[in-house]
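Everything on this sheet refers to the single structure shown next.
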Number of protein chains: 2
Amino acid sequence: MGVIRKTKSVETLLAIFENNKDAVSAVQLIDLLKEKMNKTTIYRILERLQNDGIVHSFMDKDGLKWYATCHGCSAKQHIDIHPHFQCQNCGKVDCLSVDIKIPMIPNRQINFSQVLLIGKCESCL
Amino acid sequence: MGVIRKTKSVETLLAIFENNKDAVSAVQLIDLLKEKMNKTTIYRILERLQNDGIVHSFMDKDGLKWYATCHGCSAKQHIDIHPHFQCQNCGKVDCLSVDIKIPMIPNRQINFSQVLLIGKCESCL
DNA sequence: ATTACTTTTGCAACCAAGTTGCATTAAGTA
DNA sequence: TACTTAATGCAACTTGGTTGCAAAAGTAAT
Ligand SMILES: [Mn+2]
Ligand SMILES: [Mn+2]
Ligand SMILES: [Zn+2]
Ligand SMILES: [Zn+2]
């Protein structure tokens, strides 16, 4: 069960994801919105947006949670699966629209994969 | 700077990695060794072993840190880079010796990658 | 507009993983 | 054995994230 009421806080978060094609971490959002809403609210809205297929989440190399807009997903299924890139210089994270081939692994059933590429972004090169 | 003195605690941890080809999480080690040594000691030894190229570490899907034996690495360089597998049923994690092809990404320099495959292990299928 | 109902929020307290500072212990060495 | 310094234990702390509960605010019907 996702978003049911379009509250001010929900609108604020939706606007952030609309205008931003990069990923954004929970920590960044908490800092950015610390005057506008409580961190508990942020975590709870993010969870609802994820359940609705509006955003997806993933962990970065330090175990912090990041969020980004989904494309073509719904409450029924998350189909927008892709690798992510993190710049080890400026910390920026973004979604990559490339396809990484995951080979078959004998004796194991792979349900999904999490790929994080780490290096330097365009502006830090 | 890594391990300088072969203490009892260091030997204990080394023995665990020797007899275990699976990965093991910091949390598991803390629980396993709670009668033998302090959790701070465990974290500090793991860091030293990693600096010596004896073990490598990575994050699982929940942001917990795991460790496993390195093959062919040294204090100079970690060359044993490979994907990891986590069973979503029993939680077991292990190192995969398969090669995943990472494509070139335009305008970015990829230094290394972190690949986690999630599914069911042999005994949970 | 008022009411009634239910979701959403804020707040404070909590939790778990991991880190830090510092006094004490114990390897390594001569 | 004595000396030096790496390693450890312990308590306190930090950080990211969660929970319970009362108060506030959407939504829809009246
Ligand atoms: Mn993404
Ligand atoms: Mn490994
Ligand atoms: Zn950058
Ligand atoms: Zn399993």
Side-chain angles (χ1 to χ4, degrees), chain A residues 1-17 23-52 54-68 75 84 86 91-93 114 116, chain B residues 1-17 23-68 75 84 86 91 93 114 116:
Chain A
M1 186 207 312
V3 172
I4 289 167
R5 296 184 184 180
K6 278 262 170 69
T7 64
K8 209 71 199 271
S9 299
V10 169
E11 306 271 27
T12 304
L13 276 165
L14 282 175
I16 288 171
F17 284 106
V24 56
S25 70
V27 173
Q28 288 175 329
L29 288 171
I30 290 166
D31 183 62
L32 181 69
L33 301 173
K34 61 176 171 293
E35 247 88 70
K36 289 195 178 165
M37 69 189 86
N38 192 272
K39 69 170 177 171
T40 312
T41 305
I42 295 175
Y43 282 115
R44 290 197 271 223
I45 291 175
L46 288 171
E47 191 186 17
R48 276 181 273 147
L49 294 180
Q50 180 159 259
N51 288 341
D52 284 343
I54 294 167
V55 302
H56 59 277
S57 71
F58 55 96
M59 297 279 173
D60 76 358
K61 64 186 170 69
D62 304 311
L64 296 194
K65 216 163 185 184
W66 291 69
Y67 293 84
H84 293 99
Q86 183 163 33
K92 210 178 78 171
V93 174
Q114 243 179 234
L116 182 66
Chain B
M1 186 206 310
V3 171
I4 289 167
R5 297 183 183 177
K6 278 260 171 69
T7 64
K8 209 73 200 272
S9 299
V10 168
E11 306 271 27
T12 304
L13 276 165
L14 282 175
I16 288 172
F17 284 106
V24 56
S25 71
V27 174
Q28 288 175 330
L29 287 170
I30 290 165
D31 183 61
L32 181 68
L33 302 173
K34 61 174 171 294
E35 248 89 67
K36 290 195 177 166
M37 67 189 87
N38 191 272
K39 70 171 176 169
T40 313
T41 305
I42 295 175
Y43 282 115
R44 291 199 271 223
I45 291 176
L46 289 171
E47 192 186 18
R48 277 181 272 147
L49 293 180
Q50 180 160 259
N51 289 340
D52 284 342
I54 295 167
V55 303
H56 58 277
S57 71
F58 55 94
M59 296 280 172
D60 76 357
K61 66 186 168 68
D62 303 311
L64 296 194
K65 216 164 187 184
W66 290 70
Y67 293 84
H84 294 99
Q86 182 163 31
V93 173
Q114 238 178 243
L116 183 65

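Below, read A as the first sequence line, B as the second, and so on, with proteins coming before strands; counting in each chain starts at 1. Just so you know, these numbers come straight off a predicted model, no measurement behind them.
Taking atom CD on B:Glu11 and atom P on D:dT8, their separation rounds to 11 Å, with Å as the unit. Taking atom CG of residue B:Asp52 and atom P of nucleotide D:dA7, one finds them 10 Å apart after rounding to whole Å. D:dA25 atom C1' lies 14 Å from atom CE of A:Met37, rounded to whole Å. Residue B:Ile42 contributes atom CD1, which lies 11 Å from atom P of C:dG18 at whole-angstrom precision. Protein atom CG of A:Leu14 is 13 Å distant from nucleotide atom P of C:dT8, rounded to whole Å. The distance between atom CG of B:Asn38 and atom P of C:dA23, rounded to the nearest whole Å, is 17 Å. Rounding to whole angstrom units, CG of residue A:Leu29 and C1' of D:dG16 are separated by 13 Å. Taking atom NZ of A:Lys61 as the reference point, atom P of D:dG16 lies 13 Å away to the nearest angstrom.
When the nucleotides C:dG10, C:dT8, C:dA17 are ranked by their closest atom to the side chain of B:Leu64, C:dA17 comes out on top.
In this structure, B:Thr40 and A:Arg5 both approach DNA chain D, and ranking their closest nucleotides by distance from the 5' end singles out B:Thr40. Along DNA chain C, the nucleotide nearest to B:Ala26 and the one nearest to B:Arg44 differ in position, and the one closer to the 5' end is contacted by B:Ala26.
One finds a side-chain N or O of B:Tyr43 lying less than 4.0 angstrom from the OP1 or OP2 phosphate oxygen of C:dG18. Side-chain N/O atoms of B:Thr7 include none lying less than 4.0 angstrom from OP1 or OP2 on C:dA27.
Counting atom types as modelled, B:Lys39 pairs a side-chain N or O with a base atom of C:dG18 as donor and acceptor under 3.5 Å.
With contacts defined as side-chain heavy-atom distances shorter than 4.5 Å, the pair B:Leu64/B:Met59 does not qualify. At least one side-chain heavy atom of B:Leu14 sits less than 4.5 Å from a side-chain heavy atom of B:Lys6.
Annotation for B:Lys34: atom NZ counts as buried by contact number, over 12 foreign heavy atoms lying within 6.0 Å.
Note on B:Ile45: only backbone sugar-phosphate atoms sit closer than 4.0 angstrom, heavy atoms only; bases stay farther off.
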Evaluate the side-chain contact (heavy atoms from CB on, under 4.5 Å) criterion for residues A:Tyr67 and A:Leu49: first the C-alpha distance (whole Å), next the side-chain angles of each, then the deciding distance (0.1 Å), finally the verdict.
-> CA-CA 10 Å; A:Tyr67 293 84; A:Leu49 294 180; over 6 Å; no
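We find the CE-OG1 distance between B:Met37 and B:Thr12 to be 4.5 Å, quoted to the nearest 0.5 Å.
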